[in-house]
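Structure first, commentary second.
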Amino acid sequence: MALLRIRKYPDPALKQPAQPVENIDGEVSAFLDSMAQTMYAAPGVGLAATQVGDARRLVVVDTDHQHPGQHLLKLINPRIVESEGSILWEEGCLSVIDFTAEVRRASKVLVRAWTLDQNEIQIEAADLQAVAFQHELDHLDGKLFIDRLSRIKRELYRRKLAKMLKEGKADGQLPSHVRI
Ligand code: NI
């Protein structure tokens, strides 16, 4: 297993919509292990394959930061089949350095996905876990949380980032719980 390189905005790979996985094999399993390792090392609570430059519909999510590894989900071709409620959550992203913003999402979602043992499962998620699923599925569609902000907020971030990069001040430090 190796740590994978997390692509950072504005890397064009982040805009690439991912394609469904058609064979669940040892390579997919090994890749999901590397994704999980990369997510924990970052550290973050979710990672989509899109973020490491891979165009397959694969995500790892572990929002239980009290017990890392115990509630890790490795999901293949995940999709949201039901959503309800509304929640405003301060989001950050491993691919968006030095920035967080409140995003409105559904507060509960029902996710259907395939697992490595070739079963289709259903997961009911609420709060941070629901936010994480919606955020990761956005990644698979080539969308970042900053794409859900107003144009002016996104533009202000773009300018701040350009300035930070120019001055060498972008350190990527964010509280781990918001790095989705
Ligand atoms: Ni993200």
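The shown structure was predicted, so the numbers you read here are calculated from the model rather than taken from an experiment. Order of listing sets the numbers, starting from 1, for every ligand and every atom in it.
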side-chain contact (heavy atoms from CB on, under 4.5 Å) involving S83 - partner list, sequence neighbours excluded: I80, A106, V109
Atoms of the protein (N/O/S only) found under 2.8 Å from the Ni ion (ligand 1): C93 SG, H135 NE2, H139 NE2, I180 O
E155 CD: over 12 foreign heavy atoms closer than 6.0 Å: yes
Close side-chain approach of I123 to F133, heavy-atom, < 4.5 Å: yes
Side chain to side chain, H135 and V103, heavy atoms closer than 4.5 Å: no
Exceeds 12 heavy-atom contacts within 6.0 angstrom, atom CD of Q118: yes
E124 atom CD, neighbour heavy-atom count above 12 within 6.0 Å: no
